[in-house]
Amino acid sequence: MATASKAVADSRANLPFVYRQYSAEQLKQVLYKMYLIRRFEEGAEESYMRGLIHGTMHLSIGQEASAMGICMPLAEDDQITSTHRGHGHCIAKGAEVKRMFAEFFGKTTGYCKGRGGSMHIADVAKGNLGANGIVGGGIPIAVGAALSSKMMKTGKVVVSFFGDGANNEGAFHEALNMAAVWKLPVIFVCENNGYGMSTSTARSTAVKNIADRAAAYSMPGVIVNGNIFSEVAEASHKAVERARAGEGPTLIESKTYRHRGHSKSDRNRYRTKEEIEDWMSNRDPITLFESELREFGFIDDKGIEAIREAVAKEIADGIEFAKASPSPDVSETGNYVYTEQA
Amino acid sequence: MDAMVRELSYAQAIQEAMAIAMDMDERVFLMGEDIGVYGGAFQVTGDLVDRYGADRVLDTPISELGGAGVAVGAAVTGMRPIFEFQFSDFATLAMEQIVNQAAKMRFMLGGEVSVPVVMRFPAGSGTGAAAQHSQSLEAWLGHVPGLKVIQPATPYDAKGMLLAAVADPDPVMIFEHKLLYKAKGPVPEGYYTVPIGKADIRREGRDLTIVATSIMVQKALDAAAALEAEGIDVEVVDLRTIRPMDKQTVIDSVKKTSRLMCVYEAVKTLGIGAEVSAMIAESEAFDYLDAPIVRLGGAETPIPYNPELEKATVPQVPGIIVAARDLVKGVR
Ligand SMILES: Cc1ncc(C[n+]2csc(CCOP(=O)(O)OP(=O)(O)O)c2C)c(N)n1
Ligand SMILES: [Mg+2]
């Protein structure tokens with residue numbers, strides 16, 4: 001991405017990293033996308049309530065700064081693997097919401113042609129190798145993609161997103177070890193929202209911080225406030241530089257919180273209303289970013305209003321696109337099981 | 001015995017069985033992901049944690065391989081764990097401990113130990129959960145000597161077979177179809193067992209034997225009810241256990257009806273239907289067959305997300321009716 005001009009950069013010398021690194025336009029685009037993620041998930045939730053979407057879904061509302069911050073320094077052909085809570089990652093990596101809605105509605109115009117749904121949302125053309133229904137399932141795959149990058153000398157960096165719960169799967173440990181031994185260009189991003197379903201990290205995990213695990217695999221372990229976009233983006237920048245320089249992997253722990261329940265069937269019995277309320281009203285990542293942008297003079301009320309309106313329109317159009325799209329024919333049930341060969 | 005019989009859901013019946021097992025035997029405990037305060041992904045453990053405490057309703061980290069292995073280790077050394085997988089699909093992460101350890105430990109050690117572990121697997125499609133949360137993998141485990149694999153189809157059997165599984169000295173794998181959890185049926189209060197390794201004739205008939213498993217039992221019964229109006233008299237055999245299989249009940253049924261159809265949700269090829277068909281072909285019932293054997297199983301594809309495609313990938317009542325009618329009328 002183009003960086004801010006020298007003169008502008010000097011005037012921002014005391015501001016946090018991202019405000020020195022990026023242009024006002026780019027930063028406004030980040031706010032746009034954070035809203036897009038939030039409204040996309042609200043739209044998906046509402047469509048689910050109205051019976052337009054079936055199955056289940058895992059909303060990342062409250063975690064938008066994490067997805068956006070990590071993806072900020074990535075190039076279009078860099079790659080990610082994502083999780084069951086992957087809508088934000090998908091949008092942050094460049095997906096179009098209309099094709100995501102279409103996937104949720106089970107339509108042929110969806111990213112997975114109606115075969116995958118929310119839990120398998122992907123956008124391979126934009127480098128998103130897919131959300132995953134298996135906790136930890138994407139972590140070794142990211143290492144494999146990084147191995148390809150190294151072997152094929154493509155220069156690509158790979159990010160593996162996963163939750164705190166995934167750090168107790170064997171796949172996590174095996175993958176980190178190989179990435180470190182082979183010095184692969186991969187960044188492990190643990191979005192620690194405090195719980196794996198109902199189980200708090202205190203009850204599931206022997207170390208206090210997931211980043212502490214990095215020591216066991218000889219890689220830097222970095223903790224960031226996942227609700228502050230500039231903190232996340234700065235850590236991601238460093239990790240990307242390190243990966244591109246051939247110095248190997250980094251583990252970033254992005255501490256955040258999900259506002260909604262784990263999935264559509266969560267009674268929230270394992271956490272208090274007060275806790276949820278506190279995160280929603282005092283640490284909302286969009287509110288935090290918006291007020292920084294305002295404070296540092298990148299945007300005013302009118303600008304914010306314009307973003308909200310444009311997002312609302314993109315969401316409404318996306319839902320209309322999904323509704324109007326065709327469903328796959330049942331005669332095509334066997335498609336995509338194997339590669340079609342001439 | 002004249003125990004009070006109530007209507008319970010399949011999930012309630014399992015929960016009651018686990019409570020009875022824990023009341024009767026201090027060594028019995030539950031392990032699994034989010035089975036405590038969350039109550040389990042399908043609310044099968046429900047509020048058991050309030051009654052038995054977090055030590056006996058033990059939430060594990062998200063660690064299927066380790067968790068299954070811990071259950072095996074505890075079972076070998078005196079405890080009676082009941083391990084819940086959140087979805088049967090995650091058995092794939094624990095295959096090592098299930099297949100290489102639990103199934104073989106007694107054998108490899110020349111009978112010096114037993115592995116009285118029970119594992120519960122919520123299975124099957126129909127919930128819109130797509131390819132990694134909808135599989136029917138029971139035949140995978142059915143292929144492994146040393147394991148017992150059961151698929152109760154009713155609340156009554158779910159309770160009785162779980163209690164039989166807990167009493168069993170060997171590893172018992174229980175596949176519970178997720179769409180059955182809310183199904184209701186009569187369940188007696190108190191302790192009773194339903195034997196592992198015994199099929200159940202759920203409907204008697206003269207024209208055709210349908211051998212079905214799990215949720216397909218009810219679908220076969222619905223199809224049989226519809227076919228009765230056409231004068232086709234279907235016998236429905238609920239296999240209940242896939243290892244060790246109750247061959248005799250199936251053989252006797254086929255000798256009576258002279259026609260066999262197998263209906264199961266798992267992928268058709270290399271599945272339970274193949275085993276039942278081959279078993280009949282090898283038996284004295286073969287000579288009684290008046291028509292080729294028919295298998296109705298899942299399509300040769302992962303389970304798709306789109307709800308119409310999802311339904312089309314597994315046998316449904318109308319398809320069972322057509323196939324049964326064709327078989328009896330000799331249309332091939
Ligand atoms: C191997 C595996 N085990 C269990 C599950 C069920 N499950 C889905 S998400 C989840 C919690 C994951 O927690 P975490 O990794 O912290 O991610 P979060 O949901 O908090 O984003 C569980 C237990 C699964 N999908 N895959
Ligand atoms: Mg989590």
Side-chain angles (χ1 to χ4, degrees), chain A residues 53-57 84 103-108 110 112-120 132-137 163-172 195-201 203-206 262-263 265-271 327-338, chain B residues 32-43 45-47 49-50 54 58-69 86-87 89-94 96-97 125-135 267 298-314 316:
Chain A
I53 295 177
H54 83 146
T56 189
M57 63 176 88
H84 59 285
E103 185 56 36
F104 288 28
F105 282 53
K107 302 299 181 72
T108 53
C112 314
K113 305 192 180 68
R115 271 50 172 203
S118 156
M119 213 157 21
H120 304 293
N132 212 305
I134 300 300
V135 168
D164 46 287
N167 100 94
N168 295 312
E169 288 282 14
F172 165 86
Y195 300 88
M197 216 155 142
S198 67
T199 310
S200 67
T201 50
R203 291 175 59 227
S204 69
T205 303
H262 166 71
S263 68
S265 56
D266 184 346
R267 296 174 296 166
N268 275 318
R269 280 181 53 184
Y270 51 88
R271 54 183 190 172
S327 286
D329 193 274
V330 289
S331 67
E332 296 166 358
T333 300
N335 289 10
Y336 316 120
V337 180
Y338 297 100
Chain B
E33 291 163 15
D34 306 287
I35 64 168
V37 64
Y38 198 93
F42 300 98
Q43 295 303 311
T45 45
D47 65 358
V49 69
D50 299 334
L58 184 59
D59 272 336
T60 68
I62 309 175
S63 305
E64 289 79 12
L65 172 63
Q86 204 163 84
F87 285 77
D89 310 71
F90 311 152
T92 55
L93 284 88
E96 196 288 298
Q97 285 294 329
S125 68
T127 64
Q132 294 173 335
H133 286 73
S134 305
Q135 299 170 87
V267 173
E300 308 293 318
T301 165
I303 301 292
Y305 163 71
N306 175 287
E308 297 313 315
L309 294 195
E310 183 183 22
K311 274 192 215 103
T313 55
V314 300
Q316 305 292 350

Chemist: Using a 4.5 angstrom heavy-atom cutoff, name the option from M57(A), R203(A), H262(A) with the most pairs to chain B.
Modeler: R203(A)
Chemist: Top residue by heavy-atom pair count (under 4.5 Å) with chain B, among G196(A), G116(A), G110(A)?
Modeler: G116(A)
Chemist: Measuring from E308(B):CD to T333(A):OG1, what's the distance to the nearest 0.5 Å?
Modeler: 10.5 Å
Chemist: Would a 4.5 Å heavy-atom cut-off, applied to side chains only, mark K311(B) and V330(A) as touching?
Modeler: no
Chemist: Quick check: does any side chain N or O of H54(A) sit under 3.5 Å from a backbone N or O of N306(B), one acting as donor and the other as acceptor?
Modeler: no
Chemist: Who among A312(B), A299(B), P61(B), P307(B) has the most heavy-atom pairs with chain A under 4.5 Å?
Modeler: P307(B)
Chemist: What residue in L93(B), I62(B), L309(B) has the most heavy-atom pairs under 4.5 Å with chain A?
Modeler: I62(B)
Chemist: Which residue out of E332(A), M197(A), R269(A) racks up the most heavy-atom pairs below 4.5 Å with chain B?
Modeler: M197(A)
Chemist: Would you compute the distance between atom CD of E64(B) and atom CG of N168(A) and round it to the nearest 0.5 angstrom?
Modeler: 10.5 Å
Chemist: Of all the heavy-atom pairs spanning H120(A) and A130(B), show the shortest one and how long it is.
Modeler: CD2-CB, 3.6 Å
Chemist: Is chain A contacted by the side chain of S63(B), its backbone, both, or neither, given a heavy-atom distance below 4.5 Å?
Modeler: both
Chemist: Measure the OH-CG distance between Y38(B) and D266(A) for me, rounded to the nearest 0.5 Å.
Modeler: 4.0 Å
Chemist: What part of N268(A) gets closer than 4.5 Å to chain B, counting heavy atoms only: side chain, backbone, both or neither?
Modeler: neither
Chemist: If you count heavy-atom pairs under 4.5 Å between each of P328(A), G170(A), G334(A) and chain B, which one has the most?
Modeler: P328(A)
Chemist: Under 3.5 Å, side chain of Y305(B) to main-chain N/O of F104(A), donor-acceptor pair present?
Modeler: yes
Chemist: Chain B: which of T199(A), T201(A), T56(A) shares the most heavy-atom pairs with it under 4.5 Å?
Modeler: T199(A)
Chemist: Enter the distance from R267(A):CZ to Q43(B):CD here, rounded to the nearest 0.5 Å.
Modeler: 4.0 Å
Chemist: Using heavy-atom distances under 4.5 Å, tell me whether F90(B) contacts chain A through its side chain, its backbone, both, or neither.
Modeler: side chain
Chemist: Please rank S204(A), S198(A), S327(A) by heavy-atom pairs under 4.5 Å with chain B and give me the top one.
Modeler: S198(A)
